[in-house]
Student: 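Below is one structure. I have some questions about it.
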Number of protein chains: 2
Amino acid sequence: MTPLALTISDDTLSDRQKDVLNAALSLLVEGGDGLTMTGVARRASCSKETLYKWFGDRDGLLTATVQWQAAKVRMVAVDRETLDKRTLALALEKFGRNLLSVLAGDVSVALNRLAISHAGQEKRNLGAIVLENGRFAMGKRLKPVLEAGRDAGLLSFEESETAFRTYYGLVVRDVQLRLLLGEHLELGETEIAADVKRAREQFFTLYGA
Amino acid sequence: MTPLALTISDDTLSDRQKDVLNAALSLLVEGGDGLTMTGVARRASCSKETLYKWFGDRDGLLTATVQWQAAKVRMVAVDRETLDKRTLALALEKFGRNLLSVLAGDVSVALNRLAISHAGQEKRNLGAIVLENGRFAMGKRLKPVLEAGRDAGLLSFEESETAFRTYYGLVVRDVQLRLLLGEHLELGETEIAADVKRAREQFFTLYGA
DNA sequence: AGCAGACCGTACCGTACGGTACGGTTCGGC
DNA sequence: GCCGAACCGTACCGTACGGTACGGTCTGCT
């Protein structure tokens, strides 16, 4: 078994390997330290030798873990049929609530912390992976909805990228940074729903046709 | 010399100590690793023993460095005399440009990366310091301006906190996260000015009276 | 039964780094 | 000139952790 392919998808991995990556993920969430090769081996009840055979080195394991988690988050498509203002608003709010609840989750915070730490050590790959599967994936997911809204005469903007970034800013604001910096921010269902509703209304004020 | 007081202000430190902290800061900016006690001692041409006498331990040095940098960023007051729509717009844009250029600077990125890394290791203090002197200081700085704008009948909002967070979101959007994750984002004077102008216009659309 | 490969567990190595100890030098006070 | 405090430079210690080696076990194949 060579040290694993360049990209990791669900079926690139054996069940045992998924166990290992889930172990690494759980250790990561429990606190940035603790994620040592010995720790992962113990948690997954496997030998360090196997770890190195499968993942090459520590960075390989980390990369695989991040990709593995990214692969878990599958997008929910939004059908652009029968788009009126109300369904567009619902789609935007659903997207926003999902975005905020993911961002506020333990796993997202831990993963972003790890990737950010590595970005400060000329190991740019983890950050790129997180960006690609986080922020950029979100853009690819929402922009078709925005463009559908424009085609239906409900929204007005030049570039969907700019419109998306505005919506992103209105929804996320300073929340992610504060969470990453360790602030214990209470974000229940109701707060999230209220914040997203406000953001959506503001977005309509700015970009409504 | 006891291991330094709890809070660090400009005159708590001797010039030699400031040299040491600047050395630590430069090492930090040059790459998250490299910031070792030996490295700081060598860069500052001092002995490790002195480092430990002054700052207690590595965390003490890091904390002092972060506080020292925070103390450097002094706020520019905005006079709320003769406030009309144009001067308010100018004040908001000046604030926004400053915010974005600081956030995009090497020092801010490095400091936030450090604090975020530590937040993932139950060392919450660095994150708290960065939050206090970054995000929260910005709020304390801008909210009086917003309230002055409301008093002058130019703006309309319930809570200045919410209004501030909206402006923050409109200005920063995903920029800080992308920088922290290692994306090489070109942010020149002109892009910043244009982004902030757009954000300010959007803010007036949302909160203009 | 015998063999090969995958894997577990553990012991081990090398190194990097936090922290300490100590001799040597500079400098201010007397 | 003498003393002590502060400090530099370097050597040193302990430990944690990445990475390797190796013996033992299980499984599947012939």
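Letters A, B, ... are given to chains in the order of the sequence lines, protein chains preceding strands, and every chain is numbered from 1. When reading the values below, keep in mind they use all heavy atoms of this one structure, side chains included, and skip hydrogens, waters and symmetry mates.
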Student: Using whole Å, what does the distance between atom C1' of nucleotide D:dC7 and atom NZ of B:K53 come to?
Tutor: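 The answer, rounded to whole Å, is 7 Å.
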Student: Using 30° and 60° as the class limits, which term best fits the ring planes of B:F157 and B:Y207: parallel, tilted or perpendicular?
Tutor: perpendicular
Student: Can you name the side-chain contact (heavy atoms from CB on, under 4.5 Å) partners of A:R198, sequence neighbours left out?
Tutor: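 side-chain contact (heavy atoms from CB on, under 4.5 Å) check on A:R198 returns A:R173, A:D195, A:Q202, B:T162, B:T166.
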Student: It should be established whether B:T50 places a side-chain nitrogen or oxygen under 4.0 Å from OP1 or OP2 of nucleotide D:dC7.
Tutor: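 The answer is no; no side-chain N or O of B:T50 sits under 4.0 Å from OP1 or OP2.
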Student: Looking at every non-hydrogen atom in both residues, tell me the closest pair between B:V109 and B:L180 and how far apart they are.
Tutor: O-CD2, 3.7 Å
Student: With the sugar-phosphate defined as primed atoms, P, OP1 and OP2, and the base as all remaining atoms, what B/S/- string results for nucleotides 11-27 of chain D, 5' to 3', for protein heavy atoms under 4.0 Å?
Tutor: ------SBBB-B-----
Student: With a 3.5 Å distance limit and no angle check, can you tell me whether A:Q69 reaches the backbone of A:V66 through a side-chain donor-acceptor pair?
Tutor: no
Student: Could you go through B:K140 and B:E132, starting from their C-alpha distance and side-chain angles, then the distance that decides it, and tell me whether this counts as salt bridge (charged side-chain N to carboxylate O under 4.0 Å, His left out)?
Tutor: CA-CA 10 Å; B:K140 289 205 195 82; B:E132 194 59 42; 3.2 Å; yes
Student: To the nearest 10 degrees, what angle separates the axes at the start and end of the helix from C:dA1-D:dT30 to C:dC30-D:dG1, five pairs each?
Tutor: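 Axis angle across the helix from C:dA1-D:dT30 to C:dC30-D:dG1, nearest 10°: 0°.
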Student: Could you check whether the rings of B:F95 and B:Y167 sit parallel, tilted or perpendicular, using 30° and 60° as the cut-offs?
Tutor: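 Judged by the thresholds at 30° and 60°, the geometry between B:F95 and B:Y167 is tilted.
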Student: How close do A:V130 and A:A115 get, heavy atom to heavy atom, and via which atoms?
Tutor: CG2-CB, 3.6 Å
Student: Ignoring backbone atoms, establish whether A:W54 has a side-chain N or O less than 4.0 Å from OP1 or OP2 of C:dC7.
Tutor: yes
Student: Kindly say whether A:A104 contributes a backbone atom to a donor-acceptor pair with the side chain of A:S108 at under 3.5 angstrom?
Tutor: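 Not at all, since once roles are kept as given, no pair shorter than 3.5 Å links the two residues.
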